[in-house]
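Read through the structure below, which is laid out as structure tokens, and then see the notes.
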Amino acid sequence: MNPVRSRFLAKMAAENTGKNNLESGGFWPFLRRWIPTSTDHIINAEKRLLSLVKTPYVQEQVNIGSGPPDSRVSWFRSSSNEPRFINTVTFDSKEDSPTLVMVHGYAASQGFFFRNFDALASRFRVVAIDQLGWGGSSRPDFTCKSTEETEAWFVDSFEEWRKAKNLSNFILLGHSFGGYIASKYALKHPEHVQHLVLVGSAGFSSETERITKFLSTWKGSILNQIWESNLTPQTIIRGLGPWGPDLVHRYTSARFVKYSTGELLTESESRLLTDYVYHTLAAKASGELCLKYIFSFGAFAKSPLQHSASEWKVPTTFIYGFNDWMNYEGAQEARKHMKVPCEIIRVPQAGHFVFIENPSAFHSAVFYACRRFLSPDPNNESLPEGLTSA
């Protein structure tokens with residue numbers, strides 16, 4: 001038996017039986033023992049993972065305000081009026097370095113960039129966040145009932161975080177779902193964003209005829225109903241209780257080596273990442289419940305970003321791994337309608353998590369994308385070897 005599971009089951013048995021737990025303290029104490037996590041667990045797992053990073057950093061919980069439970073602001077609509085916080089890490093940098101704000105994707109958090117912080121902090125002032133309802137940030141009850149409300153949950157809470165941090169004129173990098181939110185933010189607040197870097201961004205692919213036909217079948221109908229029921233991967237992790245860490249370990253061990261360049265996760269990286277990912281996934285459901293309001297089955301945006309391409313006001317660089325399941329052709333189509341500079345870079349030997357699977361090439365792509373902030377002669381910079389322009 002896995003030692004993590006063995007220790008946890010022994011702890012449960014020593015503390016009490018399930019029956020006594022239910023009788024003495026209600027169901028919640030038992031549930032908390034069944035799912036061995038908490039906000040403290042998340043922050044401690046984050047510290048252990050970031051111990052692999054050599055650049056000094058500051059971790060803080062940035063207060064984005066509070067409000068009554070019946071507030072019109074979506075993230076305040078819950079049973080309490082406690083303040084909301086955005087978990088933030090800021091890395092030491094050279095004076096006058098451009099600011100790079102990093103936003104994670106769905107079922108992730110800022111620690112997923114642990115392999116990138118040192119390299120990026122050598123050229124930028126790097127600030128990474130856990131979006132509201134994810135990672136070590138506050139996890140208020142998710143009460144949104146529409147695409148518009150759900151987008152506002154993330155975009156407006158990010159804007160409150162920006163105000164609290166007194167930031168402006170920054171480069172905004174978003175991965176996957178974080179790319180979708182970064183794009184929506186830049187559309188609403190372009191005055192604060194100098195450049196947009198979208199890594200394997202969601203929201204640019206349109207529903208295909210093949211998917212439409214599949215959804216008309218009985219199998220497609222059942223899968224679509226499951227999707228609309230908002231059954232998330234995190235729900236499964238929680239349901240497995242002490243068996244959850246085993247599943248996460250198998251996922252992280254297999255997921256991040258498929259397209260590797262030889263920069264495989266070390267045993268230490270894999271162990272610390274597994275621990276971190278488990279705690280961020282098993283904690284209270286909050287931001288994860290956005291899924292069915294933002295995307296239809298197949299991860300196709302209900303409010304596609306192509307429709308807003310002509311309104312783009314921020315220069316943009318798309319970065320995709322060669323084997324990314326997000327299709328870069330959606331970005332090509334959006335580029336046709338953009339009135340600002342836009343380029344698409346493809347990174348070899350990498351998939352959707354290009355920054356983990358081929359970090360050195362990813363760093364080269366980011367530096368090239370941001371060359372006008374880093375180079376004294378950006379117009380003479382050439383695309384780094386191995387990268388491809390699409």
Side-chain angles (χ1 to χ4, degrees), residues 46 48-57 89-93 97-98 100-105 107-129 135 171-176 178-179 182 195 197-201 251-277 280 317-326 328 344-371 373-374 381 383-389:
E46 174 187 289
R48 290 190 292 270
L49 180 62
L50 295 187
S51 70
L52 299 172
V53 180
K54 297 177 182 178
T55 307
Y57 71 93
V89 289
T90 304
F91 292 84
D92 284 1
S93 61
S97 295
L100 175 68
V101 176
M102 304 181 73
V103 182
H104 63 83
S109 37
Q110 54 81 10
F112 273 61
F113 297 115
F114 76 99
R115 283 189 134 187
N116 316 117
F117 288 138
D118 280 330
L120 296 180
S122 70
R123 309 288 297 277
F124 300 100
R125 177 196 177 205
V126 175
V127 186
I129 68 164
I171 300 161
L172 182 57
L173 182 152
H175 171 241
S176 194
H195 195 90
V197 181
L198 303 177
V199 184
S201 182
Y251 169 76
T252 56
S253 298
R255 178 65 183 83
F256 300 119
V257 301
K258 188 173 181 181
Y259 305 113
S260 176
T261 63
E263 297 178 72
L264 299 176
L265 291 177
T266 66
E267 182 179 346
S268 177
E269 286 177 322
S270 180
R271 174 174 50 80
L272 293 174
L273 181 60
T274 294
D275 182 48
Y276 175 72
V277 171
T280 60
T317 301
F318 293 90
I319 299 175
Y320 290 89
F322 269 34
N323 299 297
D324 197 329
W325 64 274
M326 287 291 183
Y328 72 92
I344 302 170
I345 299 173
R346 300 185 70 199
V347 177
Q349 296 177 288
H352 191 52
F353 288 91
V354 54
F355 47 89
I356 292 179
E357 295 157 338
N358 192 348
S360 58
F362 170 73
H363 302 149
S364 295
V366 173
F367 295 148
Y368 180 75
C370 302
R371 59 194 179 277
F373 306 101
L374 300 173
E381 289 278 329
L383 188 67
E385 184 177 355
L387 303 181
T388 302
S389 180

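What you are looking at is a predicted structure, and each value in this text was computed from that prediction instead of being measured. Index from 1, following the sequence.
Residues forming a side-chain hydrogen bond (donor to acceptor under 3.5 Å, both in side chains) with Thr274 (at least two apart in sequence, or on another chain): Thr252. For Gln110, the side-chain hydrogen bond (donor to acceptor under 3.5 Å, both in side chains) criterion is met by Glu46, not counting sequence neighbours. The side-chain contact (heavy atoms from CB on, under 4.5 Å) test applied to Thr317 returns His195, Ile319, Glu343, Ile345, Ala369, not counting sequence neighbours. Residues satisfying the ring pair (Phe, Tyr, Trp, His ring centres under 6.0 Å) criterion with Tyr368, sequence neighbours excluded, are absent altogether. For Phe318, the ring pair (Phe, Tyr, Trp, His ring centres under 6.0 Å) partners are Phe204, not counting sequence neighbours. When the side-chain hydrogen bond (donor to acceptor under 3.5 Å, both in side chains) test is applied to Ser268, no partner is found at least two apart in sequence or on another chain. Not counting sequence neighbours, Phe322 has no partner by the ring pair (Phe, Tyr, Trp, His ring centres under 6.0 Å) test. Under the rule for a side-chain contact (heavy atoms from CB on, under 4.5 Å), the partners of Ala121 that lie at least two apart in sequence or sit in another chain are Thr55, Phe91, Val126. Qualifying side-chain contact (heavy atoms from CB on, under 4.5 Å) partners for Arg123, counting only residues two or more places apart in sequence or in other chains: Phe367, Leu374. Remark: Tyr276 engages Ser109 in a side-chain hydrogen bond (donor to acceptor under 3.5 Å, both in side chains) (not counting sequence neighbours). Judged as a ring pair (Phe, Tyr, Trp, His ring centres under 6.0 Å), and not counting sequence neighbours, Phe124 has no contacts. Residues satisfying the side-chain contact (heavy atoms from CB on, under 4.5 Å) criterion with Ser389, sequence neighbours excluded, are Leu383.
Residues Ser176 and Gly105 share a closest heavy-atom pair of CB-CA, 4.3 Å. The two atoms that bring Ser201 and Gly179 nearest to each other are OG-C, 3.4 Å, heavy atoms only. Taking all atoms of both residues into account, the shortest heavy-atom contact from Pro348 to Leu387 is CD-CD2, 4.2 Å. Residues Glu269 and Leu264 share a closest heavy-atom pair of OE1-O, 3.9 Å. The shortest non-hydrogen separation linking Asn358 to Ala350 is CB-CB, 4.0 Å. For Val53 against Phe114, the heavy-atom pair with the smallest separation is CG2-O, 3.5 Å.
Under the 4.5 Å side-chain criterion, counting only non-hydrogen atoms from C-beta, Val89 is not in contact with Phe113. The shortest distance between side-chain heavy atoms of Phe362 and Arg115 does not fall below 4.5 Å. Between Ser364 and Val366 there is no side-chain heavy-atom pair separated by less than 4.5 Å. Two residues are said to be in side-chain contact when any heavy atoms from C-beta on lie closer than 4.5 Å; Val354 and Val199 meet this criterion.
When atom types are taken as modelled, the side chain of Ser122 and the backbone of Ala119 share a donor-acceptor pair closer than 3.5 angstrom.
If you take CG on Asn116 and CD1 on Ile356, they are separated by 7.5 Å, rounding to the nearest 0.5 Å. With rounding to the nearest 0.5 angstrom, the CE atom of Met102 is 10.5 Å from the CG atom of Leu172.
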- Message: Let's go through Val103 and Leu173 carefully: what are the C-alpha distance in whole Å and the side-chain angles of both, what is the deciding distance for side chain to side chain contact (heavy atoms under 4.5 Å, CB included) to 0.1 Å, and is it a yes or a no?
- Response: CA-CA 6 Å; Val103 182; Leu173 182 152; over 6 Å; no
- Message: Quick one, Phe355 with Leu120, criterion side chain to side chain contact (heavy atoms under 4.5 Å, CB included). Give me CA distance, side-chain angles, the key distance, then yes/no.
- Response: CA-CA 11 Å; Phe355 47 89; Leu120 296 180; over 6 Å; no
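Of the candidates Tyr320, Phe112, Trp325, Trp325 is the only one forming a ring pair (Phe, Tyr, Trp, His ring centres under 6.0 Å) with His352.
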